[in-house]
Asker: 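Quick one: the structure is below, questions incoming.
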Amino acid sequence: MQFWDTEPAKPVFDYDVERKRFIDNMEYLSTMPVEEQTLYKKWQEWNSDLPKSMARKPSLAKSFDMIWTPTDIYNKELTIKEIEELEPYVELITDSSGTAKWTDIRKCISSMEFTANPGRNIKAFAKDRKSGKVLGVISLGSDVTSLGVRDKYIGWQKENKFKDGKLNHTTIGTSIIATQPLGYNFLGGKLVSALTTSPTFRDLWKEKYGQTLIAVGTTSLYGIHSQYNGIPHFKTLGESTGKVSTKPDNEFYDIWHQWIKENKSEEYKRVTTQKEGIQGPVSGIKQRILSMIFKELGIKSTQYQHGFKRGVYFAMMYDNGNEFLRNEIDESQLKMKKKFEEGDDYTIRWWKKKAIRRYTKLHDENRLKPDTLYYMDIIGMSWEKAKETYLKEVGR
DNA sequence: AAGGCCGGTTTGCTAACGGG
DNA sequence: CCCGTTAGCAAACCGGCCTT
């Protein structure tokens with residue numbers, strides 16, 4: 001590039017400066033406890049491309065109006081009546097405008113940054129049939145291939161999961177979030193969690209992917225004390241080990257991703273190319289690229305594992321489901337557990353009792369939280385202000 | 001012994017581009 | 001300028017084998 005060129009000059013890449021910026025970012029992230037890092041990623045999600053986020057605000061505001069709220073949360077009689085009259089159900093997302101609304105709400109009510117998973121993916125709203133208002137958001141995806149405590153519980157061998165194809169008979173909840181104020185005041189998180197086992201999902205799984213759904217698993221952000229406790233559908237299996245690399249901010253990742261691509265193209269191709277005849281991306285593609293970056297920059301790959309232990313939960317819907325997943329019995333021999341046979345009716349009946357008890361207690365102890373949690377105002381907010389505003393709210 | 005690295009499973013979202 | 005199309009990019013986790 002010469003000085004008389006009219007093209008805008010490409011910014012000069014200074015290896016040492018960029019290396020330091022990358023490491024500083026990783027260091028910064030690794031000082032954060034799990035709640036803070038989670039919120040930080042949420043803040044990044046909405047603020048790394050501010051003009052784009054700003055442009056989306058009107059649509060976000062519109063989606064906000066879809067959220068269910070009680071008419072007057074301090075009016076005990078009325079509120080209990082409204083809970084009793086709720087008709088929760090699962091509404092599957094089937095078109096692109098539905099997906100857009102779903103993503104708006106997902107990104108605004110969940111403290112967790114949203115990244116769509118490769119593979120199978122089903123999205124839905126939990127809604128009230130009468131008012132049409134949103135109670136929560138659910139997405140189910142291809143199950144994770146390895147989850148220690150789950151595999152131990154099932155007695156799952158590698159062969160069962162892959163060769164026998166049983167991994168396709170379970171799913172993992174990748175988003176299970178209640179709207180507020182339903183979540184906190186009425187245990188909405190437990191309702192939405194339980195609804196992941198709804199016949200609506202089981203039917204679609206069979207129809208769309210051709211396999212019978214045996215179980216729904218999920219992990220919680222902050223260990224084993226979570227919204228999944230005390231739900232008859234789910235069993236707490238333990239904790240994950242957290243051996244996953246912390247992801248740098250996009251700003252720093254993108255620069256080095258690009259650099260590796262250009263300067264180590266041979267190895268990059270080798271690492272990112274899927275084997276012949278296998279669909280989809282290589283496993284953990286971003287984690288692999290990250291470890292290439294680490295290697296290039298002389299960082300030990302174990303240094304920046306996040307170490308966040310997630311709680312692991314499992315809703316096994318059949319009495320002999322584990323035997324099926326271990327390939328010991330045939331599909332025709334499966335026996336569904338009674339509560340799952342009953343489906344949403346069971347779930348709703350169970351939840352309403354709990355919800356009213358919870359609400360009454362909070363009401364009488366003057367501990368109601370009428371506020372809606374909606375990460376729209378985080379757009380354009382400074383990180384300091386965001387911490388002050390939201391850190392106490394970052395989910396359970 | 002300790003740490004690095006890879007295998008294993010599944011499509012779908014979304015930004016950018018190009019044609020009418 | 002508005003579409004349909006396409007290219008690029010993504011998850012979860014851990015066991016076990018390989019290297020130092």
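Proteins get letters first, then strands, A, B, ... in listed order; numbering begins at 1 in each.
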Asker: Calculate the interatomic distance between A/K269 atom NZ and C/dC9 atom P; express it in whole Å.
Answerer: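 Answer to the nearest Å: 13 Å.
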
Asker: Would you say A/K161 reaches B/dG7's phosphate, i.e. side-chain N/O to OP1/OP2 under 4.0 Å?
Answerer: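 For B/dG7, OP1/OP2 do not have a side-chain N/O of A/K161 under 4.0 Å.
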
Asker: Given B/dG12, is OP1 or OP2 found less than 4.0 Å from the side-chain N or O atoms of A/K208?
Answerer: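 Yes, because at least one side-chain N or O of A/K208 sits under 4.0 Å from OP1 or OP2 of B/dG12.
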
Asker: Run the ring-centre check on A/F125 versus A/W68 and record whether the distance is less than 6.0 Å.
Answerer: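 They do not qualify: ring centres at least 6.0 Å apart.
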
Asker: Side-chain N or O of A/K52 less than 4.0 angstrom from OP1 or OP2 on B/dA15?
Answerer: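 Looking at the OP1 and OP2 atoms of B/dA15, one of them is under 4.0 Å from a side-chain N or O of A/K52.
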
Asker: Return the minimal non-hydrogen interatomic distance between A/Q37 and A/T246, and the atom names on each side.
Answerer: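 Closest pair (atom of A/Q37, atom of A/T246, distance): OE1-CG2, 3.7 Å.
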
Asker: Could you state the CH2-P distance from A/W156 to C/dC13, rounded to the nearest angstrom?
Answerer: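 So the two atoms are 15 Å apart, to the nearest Å.
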
Asker: Tell me the interatomic distance from A/D164, atom CG, to B/dT10, atom C1', rounded to whole angstroms.
Answerer: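 In whole Å, B/dT10 C1' lies 17 Å from A/D164 CG.
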
Asker: Using a cut-off of 4.0 Å on non-hydrogen atoms, how would the nucleic acid contact of A/K166 be classed: base, sugar-phosphate, or nothing?
Answerer: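 If one applies the 4.0 Å heavy-atom cut-off, A/K166 turns out to touch nothing in the nucleic acid.
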
Asker: Of the listed nucleotides (C/dA11, B/dG8, C/dC13), which one gets closest to any side-chain atom of A/L147?
Answerer: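 The nucleotide sitting nearest to the side chain is C/dC13.
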
Asker: Testing the basics here: between A/Y318 and A/M336, what is the closest heavy-atom pair and its distance to 0.1 Å?
Answerer: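 Distance-wise, the nearest heavy atoms are OH-CE, 3.2 Å.
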
Asker: Looking at A/Y209, I'd like to know whether one of its side-chain N or O atoms comes within less than 4.0 Å of OP1 or OP2 on B/dG12.
Answerer: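 Yes, within the criterion.
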
Asker: So which nucleotide from B/dT9, C/dC14, B/dT10 ends up closest to the side chain of A/N168?
Answerer: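 Selected nucleotide (nearest to the side chain): B/dT10.
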
Asker: At less than 3.5 Å, do the side-chain atoms of A/S142 and the base atoms of B/dT10 form a donor-acceptor pair?
Answerer: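 A donor-acceptor contact between them is present.
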
Asker: Within the 4.0 Å heavy-atom criterion, would you say A/S291 contacts the bases, only the backbone, or no part of the nucleic acid?
Answerer: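 Nothing, no heavy atom under 4.0 Å.
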
Asker: Testing the 3.5 Å rule here: is there a donor-acceptor pair between the side chains of A/E262 and A/Y268?
Answerer: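 No donor-acceptor contact under 3.5 Å links the two side chains.
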
Asker: Given B/dT9, is OP1 or OP2 found less than 4.0 Å from the side-chain N or O atoms of A/K158?
Answerer: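 For B/dT9, OP1/OP2 do not have a side-chain N/O of A/K158 under 4.0 Å.
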
Asker: How close or far is atom P of B/dT11 from atom CD1 of A/I93, stated in whole angstroms?
Answerer: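 Rounded to whole Å, this separation is 20 Å.
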
Asker: Under 4.0 Å between any heavy atoms, over every strand shown, what does A/K152 touch: base, sugar-phosphate, or nothing? Just pick one.
Answerer: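 Nothing: the residue A/K152, judged by heavy atoms under 4.0 Å, touches no strand.
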
Asker: Could you state the CG-P distance from A/N160 to B/dG7, rounded to the nearest angstrom?
Answerer: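 Going from CG in A/N160 over to P in B/dG7 covers 21 Å.
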
Asker: For residues A/K130 and A/E85, report the shortest heavy-atom separation together with the two atoms involved.
Answerer: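 Here A/K130 and A/E85 meet closest at NZ-O, 3.5 Å.
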
Asker: Between C/dA10, B/dT11, B/dG7, which nucleotide gets closest to the side-chain atoms of A/I285?
Answerer: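 The closest nucleotide is C/dA10.
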
Asker: Expressed as a whole number of angstroms, how long is the span from A/N117:CG to B/dC13:C1'?
Answerer: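 A/N117 atom CG is separated from B/dC13 atom C1' by 10 Å.
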
Asker: Which residue, A/Q258 or A/D143, contacts DNA chain C at a nucleotide closer to its 5' end, judged by nearest heavy atom?
Answerer: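 It is A/Q258 whose nearest nucleotide is closer to the 5' end.
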
Asker: Could you tell me how far apart A/Y253 (OH) and C/dA11 (C1') are, to the nearest whole angstrom?
Answerer: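 So the two atoms are 13 Å apart, to the nearest Å.
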
Asker: From the options A/R150, A/H169, A/R120, select the one residue that forms a side-chain hydrogen bond (donor to acceptor under 3.5 Å, both in side chains) with A/D143.
Answerer: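 Per the side-chain hydrogen bond (donor to acceptor under 3.5 Å, both in side chains) rule, the option paired with A/D143 is A/R150, out of A/R150, A/H169, A/R120.
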
Asker: Nearest to the side chain of A/T99, which nucleotide is it out of B/dT11, C/dC13, B/dT14?
Answerer: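 For A/T99, the side-chain atoms sit closest to B/dT14.
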
Asker: Measure from the side chain of A/R120, starting at C-beta and using heavy atoms only, and say which of C/dC13, B/dC13, B/dT11 lies closest.
Answerer: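 Selected nucleotide (nearest to the side chain): B/dT11.
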
Asker: Mapping A/R310 and A/K261 onto DNA chain C by nearest heavy atom, which one lands closer to the 5' end?
Answerer: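 Here A/K261 is the residue nearer the 5' end.
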
Asker: Consider only side-chain N and O atoms of A/Q258 and A/Y253, and report whether a donor and an acceptor are under 3.5 Å apart.
Answerer: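 Their side chains do not contain a donor-acceptor pair, so the 3.5 Å distance test is not met.
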
Asker: Indicate, with a heavy-atom threshold strictly under 4.0 Å, whether A/F114 touches base, sugar-phosphate, or nothing.
Answerer: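 A/F114: no heavy atom of the nucleic acid under 4.0 Å.
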
Asker: Could you check whether A/I172 gets within reach of a base, just the sugar-phosphate, or nothing at all, counting any heavy atom under 4.0 Å?
Answerer: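 If one applies the 4.0 Å heavy-atom cut-off, A/I172 turns out to touch nothing in the nucleic acid.
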
Asker: Whole angstroms only, please: what is the CG-C1' distance between A/L167 and C/dA11?
Answerer: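 Checked: the CG to C1' distance equals 13 Å.
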
Asker: Side chain of A/N121, heavy atoms from C-beta onward: which of B/dG12, C/dC13, B/dG7 has the nearest atom to it?
Answerer: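 Selected nucleotide: B/dG12.
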
